[in-house]
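Each ligand, and each atom within it, is numbered from 1 in the order the structure gives. Keep in mind it's a predicted model, so treat the numbers as computed, not measured.
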Amino acid sequence: MAIEQDLVNAVIDLDENKSYGLVKKMVDDGADPNKIIEILKKGVEEIGERFSRKEYFLTELVMAGEIFQQSAKLLEPILKSMEKASKSTGTVVIGTVKGDVHDIGKNIFVTLLQVGGYEVYDLGVDIEPIKFLEKVKEKNANIVAYSGLLTVALDSMKETTELLKTNGLRDKVKIIIGGLPVDEMWMKEAGADAFTDNAFEGVKIINEWLKSGGG
Ligand code: B12
């Protein structure tokens, strides 16, 4: 328990070396990577709160992002060593939607999908709806995944789904959305089929879809 709180505090204090040391220790002790990510998220959430209260500024947000990214790198070997799903038949097109450049969570989700045996096309950040459409068509994808952390991301998600609809592709794909603010309301507004703020949960949802013949 103590080490978890130490890690939250080290992230909030933006103490990079301490954060990496604690993540390494938890990895060596065999901690569940999902749990480590949730602890790191607690830390950066507090940084976000302080940013909202104007106690922290953009520099601190940048540093928080850096600490998370480097920590996620430390987790990559365990994520990658996790057992590959026997035969996934999913082709996923994913991106952080237009207007939003947050990608740390998306990248974790992409790694997990790749580990799960999925064919993944990661478009990157700030992605216009047309780019999603083109890639879905080109790759004949059956899953579309939007990531977004800003409130404005909702409009972009909506727009993207609308474009898929008007091009006759909406019914050919399943759409999952993820990121800090997503909830059931977002899912409905964005015209999606599922939502989650946990990358591991996201992979489970997609696995279930494909098992039951969806997607
Ligand atoms: C780091 C950070 C940044 C970094 C991002 C670096 C990067 N490469 O991503 C930088 C400094 C660039 C940044 C910029 C900005 N940021 Co910022 N940022 C954050 C911060 C502190 C952490 C975000 C993060 O990485 N979390 C950790 C990851 C792992 O969590 P996650 O994204 O939720 O991902 C998990 C799940 O959601 C899931 N997941 C993610 N995507 C997907 C997708 C799918 C399909 C699935 C299934 C799952 C999934 O998987 C992950 C693991 O489980 C948050 C605070 C917070 N509370 O999160 C603010 C925050 C998101 N930022 C905020 C703001 C305001 C900004 C700026 C506008 C600041 C400014 N004035 O310029 C800019 C916007 C730039 C833009 N156009 O996008 C606000 C958003 C407020 C709002 N309601 O819109 C927040 C909430 C801070 C706050 N409280 O004010 N930011």
Which of these, [options], has its nearest heavy atom closest to [atom]?
atom: atom 16 (N) of ligand 1; options: Glu66, Glu49, His102; answer: His102
atom: atom 83 (N) of ligand 1; options: Thr151, Thr59, Ile108; answer: Thr151
atom: atom 12 (C) of ligand 1; options: Leu149, Val110, Val182, Val101; answer: Val101
atom: atom 20 (C) of ligand 1; options: Leu61, Leu40, Leu180; answer: Leu61

- Query: Is Asn198 in polar range of ligand 1, meaning some N or O pair under 3.5 Å apart?
  - Reply: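 By distance alone, the answer is no.
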
- Task: Check whether any N or O atom of Ser52, backbone or side chain, sits under 3.5 Å from an N or O atom of ligand 1, and answer yes or no.
- Result: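 Looking only at distances, the answer is yes, because the N/O contact criterion of under 3.5 Å is met.
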
- Message: A side-chain contact here means heavy atoms from C-beta on lying under 4.5 Å apart; do Asp15 and Tyr20 qualify?
- Response: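 No; the side chains remain at least 4.5 Å from each other.
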
Identify the protein heavy atom lying closest to [atom], giving its residue, its atom name and the separation to 0.1 Å.
atom: atom 77 (N) of ligand 1; result: Gly99 O, 3.1 Å
atom: atom 25 (O) of ligand 1; result: Ile104 CD1, 3.5 Å
atom: atom 68 (C) of ligand 1; result: Leu150 CD2, 4.3 Å
atom: atom 70 (C) of ligand 1; result: Leu58 CD1, 3.8 Å
atom: atom 36 (C) of ligand 1; result: Asp197 O, 3.1 Å
atom: atom 34 (O) of ligand 1; result: Gly105 CA, 3.2 Å
atom: atom 65 (C) of ligand 1; result: Phe51 CE2, 3.9 Å
atom: atom 8 (N) of ligand 1; result: Asp103 OD1, 2.8 Å

Numbered atoms of ligand 1 (with element) below 4.0 Å of [X], judged on heavy atoms:
X: Gly65; answer: 1 (C)
X: Ala199; answer: 38 (C), 50 (O), 52 (C), 53 (O)
X: Val62; answer: 11 (C)
X: Ala145; answer: 45 (C)
X: Thr196; answer: 47 (C)
X: Gly178; answer: 41 (N), 42 (C), 43 (C), 44 (C), 45 (C), 46 (C), 48 (C), 49 (C)
X: Phe68; answer: 27 (C), 29 (C)
X: Ser147; answer: 40 (C), 41 (N), 42 (C), 43 (C)

Ion pair check, [X] and [Y], cut-off under 4.0 Å:
X: Glu49; Y: Lys54; value: no
X: Glu208; Y: Lys211; value: yes
X: Lys165; Y: Asp171; value: no
X: Glu38; Y: Lys41; value: yes
X: Glu60; Y: Arg50; value: no
X: Lys135; Y: Glu138; value: yes

Looking at [atom], tell me if a protein heavy atom falls under 4.0 Å from it.
atom: atom 54 (C) of ligand 1; answer: no
atom: atom 10 (C) of ligand 1; answer: no
atom: atom 85 (C) of ligand 1; answer: no

- Start with the C-alpha gap between Lys24 and Asp28, add the side-chain angles, then the distance that decides, and say whether salt bridge (charged side-chain N to carboxylate O under 4.0 Å, His left out) holds. CA-CA 6 Å; Lys24 270 195 202 125; Asp28 292 345; over 6 Å; no

- Residue portion contacting ligand 1 (non-hydrogen atoms closer than 4.0 Å) for Tyr146: backbone

- Message: Please work out, at 4.0 Å between heavy atoms, whether the side chain, the backbone, both, or neither of Val152 comes within that distance of ligand 1.
- Response: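 Neither; no heavy atom under 4.0 Å.
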
- Evaluate the side chain to side chain contact (heavy atoms under 4.5 Å, CB included) criterion for residues Val27 and Leu75: first the C-alpha distance (whole Å), next the side-chain angles of each, then the deciding distance (0.1 Å), finally the verdict. CA-CA 7 Å; Val27 168; Leu75 294 178; 3.7 Å; yes

- Among the heavy atoms of Ile47, does any lie under 4.0 Å from an atom of ligand 1?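 No, that is not the case, since the closest heavy atom of the residue is not under 4.0 Å from the ligand.
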
- Would Arg170 and Asp193 satisfy salt bridge (charged side-chain N to carboxylate O under 4.0 Å, His left out), going step by step from the backbone distance to the final call? CA-CA 11 Å; Arg170 175 63 189 94; Asp193 302 299; 2.9 Å; yes

- Taking atom NZ of Lys73 as the centre, report whether more than 12 heavy atoms of other residues, nucleotides or ligands fall under 6.0 Å from it. no

- Task: Would you indicate whether Lys158, at its atom NZ, is surrounded by more than 12 heavy atoms from other residues, nucleotides or ligands within a distance under 6.0 Å?
- Result: yes

- Query: Does the pair Val203 and Phe200 meet the rule for a side chain to side chain contact (heavy atoms under 4.5 Å, CB included), with working shown?
  - Reply: CA-CA 5 Å; Val203 176; Phe200 291 80; 6.0 Å; no

- Message: Measuring centre to centre across the rings, with the benzene-like ring taken for any Trp, is Tyr146 within less than 6.0 Å of Phe132?
- Response: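 Yes - the distance between ring centres of Tyr146 and Phe132 falls below the 6.0 Å cut-off.
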
- Task: Kindly indicate, with the supporting measurements, whether the criterion side chain to side chain contact (heavy atoms under 4.5 Å, CB included) is fulfilled by Met63 and Glu16.
- Result: CA-CA 9 Å; Met63 284 183 71; Glu16 294 178 63; 4.1 Å; yes

- Approximate separation, where rounding is to 0.5 Å, of Leu74 CG and Met26 CE: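 Going from the CG atom of Leu74 to the CE atom of Met26 covers 12.5 Å.
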
